[in-house]
Amino acid sequence: MKVFITKKIPQAGIDTLKEAGFEISVHDESDKLSQQELIKACQDVDLLLNVGQGKLDSTFFSACSHLKGIALTSVGYDHVNLDAATKAGVPVSNTPDVLSDATADIAFLLMLAVSRKAFFRANQVLNGAWADFEFTKDLGIELYGKTLGIFGLGRIGLSLARKAQAAYGMNIIYHNRSRNTEAEKLVEATYVNFDTLLKESDVLSVHTNLTPETQHRFNAQAFQRMKDSAIFINTARGKIHHEMDLTEALRTGEIWGAGLDVTDPEPMQADNPLLKMSSVCVFPHIGSATIETRTQMAILASNNLIAVLKGNKMPQVVNADVYKEK
Ligand SMILES: NC(=O)c1ccc[n+]([C@@H]2O[C@H](COP(=O)([O-])OP(=O)(O)OC[C@H]3O[C@@H](n4cnc5c(N)ncnc54)[C@H](O)[C@@H]3O)[C@@H](O)[C@H]2O)c1
Ligand SMILES: O=C(O)[C@H](O)CO
């Protein structure tokens, strides 16, 4: 079988595919792939390894219903029209679990960086603005014993909760669609309604998937209900917060700080007003960007394609209904 890979992946992923006997072609990532080019490249292959956040919409699936499977290199699949994939009979897999700790590390890093205005401070040095030892100016806030509110206590939310409780004795509250009693066995966490999450969190960290229900859930109304000392963290998807409302909430002091690994749109432009604020830190979507995690993601994606080669179901399929329809 032939596989088209949309960007370079760690060698372990390539080796896994080659050992299984696949014929591989990898797109040169210096040249951004348009949808038309992707569709064209998929015409003479059996499988696609779609690296990153490249959209797969209904036009793509109408043109590529011959594909026997698509492996994503992300746990999030909001960039894929799964109904269209299922209708076209194409199974799609994701990469859960292997990236949870690395992504939670980035949420933790953002919490610390924002609370101590780390990037604003580092920029002072960089810009030659380190003048005197100031005693009361631009102070940070501490995390010890504070309340961490988690919106979406799934795999990544749980990993962050465990770190924050172990390292900083943080009190954990969370809101999910329903209580996560399995997670509550692993970490001391109290289930609260959304309004309580907003009102009681000193740090509020977002870990839900992007869906119509979570899109713009953090808007002006939500920020108004949060503490004026609160820090907002989003490592899930940029569309879950409303960026202009967030900017305004920070400008007017409705909340204290924000740390983002995801923005809307991506990439964020360098002249974005958020980047000038002292208690804001923005990363370029690097949640899973470690050598270890990206290697595991590439192997997991490859193993899902190997399952197709062997005539099996993809173990990490996200549109399981496709097998019923087949
Ligand atoms: N920044 C990055 O690089 C990066 C890396 C990995 C994942 N992510 C994002 O993080 C998300 C979470 O990943 P995960 O592996 O923890 O997923 P998960 O499915 O384990 O957890 C998501 C949690 O959100 C909850 N949830 C979903 N909709 C909700 C709603 N409307 N209200 C309340 N709770 C809701 C679910 O019940 C679940 O507990 C992914 O979907 C992806 O978008 C980003
Ligand atoms: O969803 C994910 O896994 C991350 O955002 C990486 O794309």
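No experiment lies behind these values; they were computed from the predicted model shown. Sequential numbering from 1 along the given sequence is applied to the chain's residues.
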Flag for [Y]-[X]: side-chain donor and acceptor within less than 3.5 Å:
| X | Y | result |
| --- | --- | --- |
| Gln36 | Ser34 | no |
| Asn272 | Glu243 | yes |
| Glu184 | Tyr191 | no |

- Query: In chain order, what residues pass the ring pair (Phe, Tyr, Trp, His ring centres under 6.0 Å) check against Phe108, with sequence neighbours excluded?
  - Reply: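 Once residues adjacent in sequence are excluded, the partners of Phe108 under the ring pair (Phe, Tyr, Trp, His ring centres under 6.0 Å) criterion are Tyr168.
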[atom1] of [X]: more than 12 outside heavy atoms within 6.0 angstrom?
| X | atom1 | answer |
| --- | --- | --- |
| Arg121 | CZ | yes |
| Glu142 | CD | no |
| Gln221 | CD | no |
| Glu188 | CD | no |
| Lys8 | NZ | no |
| Ile291 | CD1 | no |

Side-chain donor-acceptor distances from residues 91-100 under 3.5 Å, at least two apart:
unit_1, atom_1, unit_2, atom_2, d
Asn94, ND2, Val75, O, 2.9
Thr95, OG1, Ser74, N, 3.3
Thr95, OG1, Ser74, O, 3.3
Ser100, OG, Asp97, O, 3.3

Measuring from atom [atom1] of [X] to atom [atom2] of [Y], what distance do you get when rounded to the nearest 0.5 angstrom?
| X | Y | atom1 | atom2 | value |
| --- | --- | --- | --- | --- |
| Ile240 | Phe151 | CD1 | CZ | 7.0 Å |
| Met297 | Leu300 | CE | CG | 9.0 Å |
| Phe22 | Asp46 | CZ | CG | 8.5 Å |
| Leu38 | Lys55 | CG | NZ | 13.5 Å |
| Asp78 | Lys239 | CG | NZ | 9.0 Å |

Is [X] linked to [Y] within one hydrophobic cluster, defined over Ile, Leu, Val, Met, Phe, Trp and Tyr using a side-chain heavy-atom separation of less than 4.5 Å?
| X | Y | result |
| --- | --- | --- |
| Leu110 | Leu274 | no |
| Phe61 | Phe4 | yes |
| Val80 | Val90 | yes |
| Leu197 | Leu160 | no |

- Specify whether Phe218 and Phe223 have parallel, tilted or perpendicular ring planes, treating 30° as the upper limit for parallel and 60° as the lower limit for perpendicular.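 Geometry flag for Phe223 against Phe218: tilted rings.
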- Item | Result of checking Ile70, Asn50, Asn81 against Phe60 for side chain to side chain contact (heavy atoms under 4.5 Å, CB included) |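 It is Ile70; the other options fail the test.
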- Might you work through the side chain to side chain donor-acceptor pair (under 3.5 Å) test for Glu200 and Asn171, ending with a clear yes or no? CA-CA 10 Å; Glu200 292 189 2; Asn171 166 44; over 6 Å; no
- Message: If you apply the rule salt bridge (charged side-chain N to carboxylate O under 4.0 Å, His left out), what do you find for Lys18 with Asp15, and how did you get there?
- Response: CA-CA 5 Å; Lys18 280 196 175 152; Asp15 293 345; over 6 Å; no
- Query: Salt bridge check: are Lys40 and Glu37 linked by an N-O gap of less than 4.0 Å?
  - Reply: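 Result for this pair is no, no salt bridge flagged.
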Give every donor-acceptor pair under 3.5 Å between a side-chain atom in residues 275-283 and any protein atom, sequence neighbours left out.
unit_1, atom_1, unit_2, atom_2, d
Ser278, OG, Lys117, NZ, 3.0
Ser279, OG, Trp256, O, 2.6

